[in-house]
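Structure first, then comments.
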Amino acid sequence: MTEHLSQKIFPTTQLEDADGDGHNQSLNPTMGEIIGKRFSWRGFLQGSLAVSAIAATVGPVALMSADNARANGRSAFSFTEVEAGVDATHHVAEGYDADILLRWGDALFADSPAFDPTKQTAAAQERQFGYNNDYVGFIPLDGSAEHGLLVVNHEYTNPHLMFPGLVKIVDGKIEQGKLSKEQVDVEMAAHGGTIVEIRKVDGKWQVVPEGKLNRRVTANTEMQLSGPVAGHDRVKTSADPAGAKVIGTLNNCAGGVTPWGTYIMAEENFHGYFSGEPPADHAEAANYKRYGVPDGGYDWADYYDRFDLAKEPNEPNRFGWIVEVDVMDPTSVPKKRTALGRTKHEGAESIVAKNGKVVFYLGDDERFDYVYKFVTDGTFNPDDRAANMNLLDAGTLYVAKFGEDGTMQWLPLVHGDGPLTPENGFASQADVLIETRRAADLLGATKMDRPEDVQPNGVNGKVYVMLTNNSKRKADQVDAANPRAENAFGHIIEIAEDGGDFTATSGKWEVLLKCGDPSVAEVGATFSTETTKNGWFGMPDNCAIDAAGRLWVSTDGNSNKATGRTDGLWAVDTEGDARATSKLFFRVPVGAELCGPLFTPDDETAFVAVQHPGDGGEDWDGHGRPSYYEDLSTRWPDFKDDMPVRPAVVAITKIGGGKIGM
């Protein structure tokens, strides 16, 4: 076959793999330029930052939570490392079980139909677990770490893996056909999120299908626009002349759970769902160009006018938001909280600051885009859940500017401040938020290498920024001391907010890790010398901080071609002599990305999401080949001839019980 890479054939794979060509045309400095000058300014030798620490105020919680290993300068993790590699199944560290908890198509309700991949319908999919599980969150019920609500984002769909007969071989070439309306309806039902009650019974997690709070959120669920953008002319459509009601949520990548127990869904690559051209004189032309709209990766505009820009030119302004769902009321209308800005959101992880305000950290997942945080105006009331339910409608959104001397500033995106004025096209705060990227451009924010998860650590007081990669950064954007041009493997930034205050508008930063194979000198990776050949990784994506304050990193983009290994979950030390030591704990099957990860409050379960297994352009033995419904590179997790490959959430527990990684 002349075509052999799936990303060249299948549109949704291409959309997700591209992660944006980079639509930031501002002259703001890149993070690579700043790191290069920072390294030169400090006069460090290559790799020295891997074992350095930045100053931060550590509160009593951190001191009480520090274990003996870290106190003595040793690794905080104790497990037998998994061997890196590529094959058709998953692998977990010795002494642990990795049980499939939920697969695409699994029943969520007592009346859910059985999954039949040959007879899929939208009605059935709305009662079943959705596709491509990304973010995973856990909300305890009755204060229990063994009984709660699992919340899971369903980012996107891979129709070539989902539907039989869609892919054909024509004249020796692979072609994906147009989807029917019925198939598009299944796709729309497979997007969104799942809320489902789960319980641990005899050491094993199981779904509670009769759970009264179980719910599916889809691309057809009614949503409410709230905050400064609600009702603005730029979000009004023929179906919603009030600019207040949006149908559906799209491309939910990472997310979060708020301190008051609501579920956060973060809309990422929304540009791929729109097709057609708006009128030539349409006012949103420059705005849409900055976001890459339209991309046309999906066939939805063929059947639904709201995805056709020629018919509904304002519709894209209604996506790219943070969505909040009240999981305790399955009839509640999810709210798109516009005060947190409109970007290609990777997630929204939060922490309560010392003064009671809640701080959300957000990444805009595209090459050369920015890191943000949002600080609520109001304060969190731990004794009154209802009092917290609209905290996200009022606050200040900031964008990060990283200095060459290791300092940083959080720049407020507030209408009327600096260049955010009517003279520059911002007539109100709503305009600032609809065009968050352009507002950040004008403020001089630092161009980053694909900011993904940004996690605050309540134990050591730091913030960790996952920067997946940026192959588009050119050599003339960095100097000789810069870690890497054409950054293929990504890096991790560690931030210490001034005074240990997460609401601070300034702080310090360091590089925790430059990723990639440390045995290849020109890669410039900075893992510690204690990291084994299995322990290094590339393309950091999602991450989690467990109850002990330890950092776990999952990846997206490792493959036989790129690194000789699949994606997985790595434990990364951040403290003491073990700083920058990494160990492989779990690895996914061929073609998959590892999402989540999520630890229960007692650290005795790690939930991970195995997304798009079997996708991509290579078999597990490294041979170039497409993978589609009739000819899959793996049939994980069922390994049955009559079942396709199925994204799934995996529950990892220690055999005999105990805390993960200890």
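The structure presented is a predicted model; accordingly, all values stated were derived computationally and were not measured. The residues of the chain are indexed from 1 along the displayed sequence.
- Under a 4.0 Å N-O distance rule, the pair D369/K447 does not qualify as a salt bridge.
- Every ring pair (Phe, Tyr, Trp, His ring centres under 6.0 Å) that F607 has, sequence neighbours left out, goes to W205.
- A cation-pi geometry, defined here as NZ or CZ lying under 6.0 Å from the six-membered ring centre and within 45° of its normal, holds between R565 and W536.
- The side-chain heavy atoms of K335 and D393, taken from C-beta on, include no pair separated by under 4.5 Å.
- The minimum heavy-atom distance between A439 and L413, with the atom names listed, is CB-CD2, 3.7 Å.
- A donor-acceptor pair shorter than 3.5 Å cannot be found between the side chains of E530 and S528.
- Relative to the six-membered ring of Y291, R438 misses at least one condition, a distance below 6.0 Å or an angle of at most 45° to the axis.
- A salt bridge does not link D573 with R550: every distance from a Lys NZ or Arg NE/NH1/NH2 to an Asp or Glu carboxylate oxygen is 4.0 Å or more.
- A pairwise comparison of heavy atoms in V325 and P334 identifies CG2-CB, 3.9 Å as the closest pair.
- Electrostatic pairing of E435 and R234 counts as a salt bridge here, judged by a charged N lying under 4.0 Å from a carboxylate O.
- For L594, the side chain to side chain contact (heavy atoms under 4.5 Å, CB included) partners at least two apart in sequence or on another chain are S554, L569, F586, V588, V608, V610.
- The pair E268-K344 does not meet the salt-bridge criterion, since no charged nitrogen lies less than 4.0 angstrom from a carboxylate oxygen.
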Checklist entry - Hey, mind stepping through E494 and R579 against salt bridge (Lys or Arg N to Asp or Glu O under 4.0 Å) and telling me if it holds? => result CA-CA 12 Å; E494 182 184 66; R579 182 173 166 87; 3.0 Å; yes
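- For K472 and D449, the salt-bridge test fails: no basic side-chain N is under 4.0 Å from an acidic carboxylate O.
- A547 and V459 get closest at one heavy-atom pair: O-CG2, 4.0 Å.
- With sequence neighbours excluded, the residues forming a side-chain hydrogen bond (donor to acceptor under 3.5 Å, both in side chains) with Q455 are E349, listed by chain and number.
- Under the 3.5 Å distance criterion, with hydrogens and angles disregarded, a donor-acceptor pair is assigned to the side chains of D441 and Y370.
- Without hydrogens or angle criteria, T258 side chain to T262 main chain gives a donor-acceptor distance under 3.5 Å.
- Remark: the backbone N or O of K514 is paired with a side-chain donor or acceptor of T526 at under 3.5 angstrom.
- H191 and Y273 share a side-chain donor-acceptor pair at under 3.5 Å.
- Annotation: side chain of F374 is in contact with side chain of L392 (closest heavy-atom distance under 4.5 Å).
- Under 3.5 Å, the side chains of D615 and T13 contain a donor-acceptor pair of N or O atoms.
- For the residue pair N558 and D567, a side-chain donor N or O sits within less than 3.5 Å of a side-chain acceptor on the partner.
- The side-chain hydrogen bond (donor to acceptor under 3.5 Å, both in side chains) test applied to T468 returns E452, not counting sequence neighbours.
- Checked options R367, M448, H491, E486; the residue passing with N470 is R367 (criterion: side chain to side chain contact (heavy atoms under 4.5 Å, CB included)).
- The two residues L362 and K373 have their closest heavy-atom pair at CD1-CA, 4.0 Å.
- Side-chain N/O atoms of N132 and N153 include no donor and acceptor closer than 3.5 Å.
- Between the side chains of E366 and N269, no donor-acceptor pair of N or O atoms lies under 3.5 Å.
- Partner Y398 forms a side chain to side chain contact (heavy atoms under 4.5 Å, CB included) with one of V414, T503, V375, L411 and no other, that one being V375.
- With sequence neighbours left out, T343 forms a side-chain hydrogen bond (donor to acceptor under 3.5 Å, both in side chains) with H345.
- Just one of T531, L513, L584, T563 meets the side chain to side chain contact (heavy atoms under 4.5 Å, CB included) condition when paired with F537; it is L513.
- Heavy atoms only, all atoms of each residue included: M539 and A562 are closest at CE-CB, 4.0 Å.
- With respect to R450 and D541, no salt bridge is recorded, no charged nitrogen being found less than 4.0 Å from a carboxylate O.
- Of all heavy-atom pairs between A525 and G516, the closest is CB-O, 3.4 Å.
- The closest donor-acceptor contact from the side chain of T421 to the backbone of G416 lies at 3.5 Å or more, if one exists at all.
- Side chain of E284 to backbone of N317: no donor-acceptor contact under 3.5 angstrom is found.
- Under the ring-ring contact (aromatic ring centres under 6.0 Å, His included) criterion, the residue pairs touching residues 547-566 are F77-W552, W552-F585, W552-F599, with sequence neighbours excluded.
- E267 has a carboxylate O that lies under 4.0 Å from a charged side-chain N of K336, or vice versa, which qualifies the two as a salt bridge.
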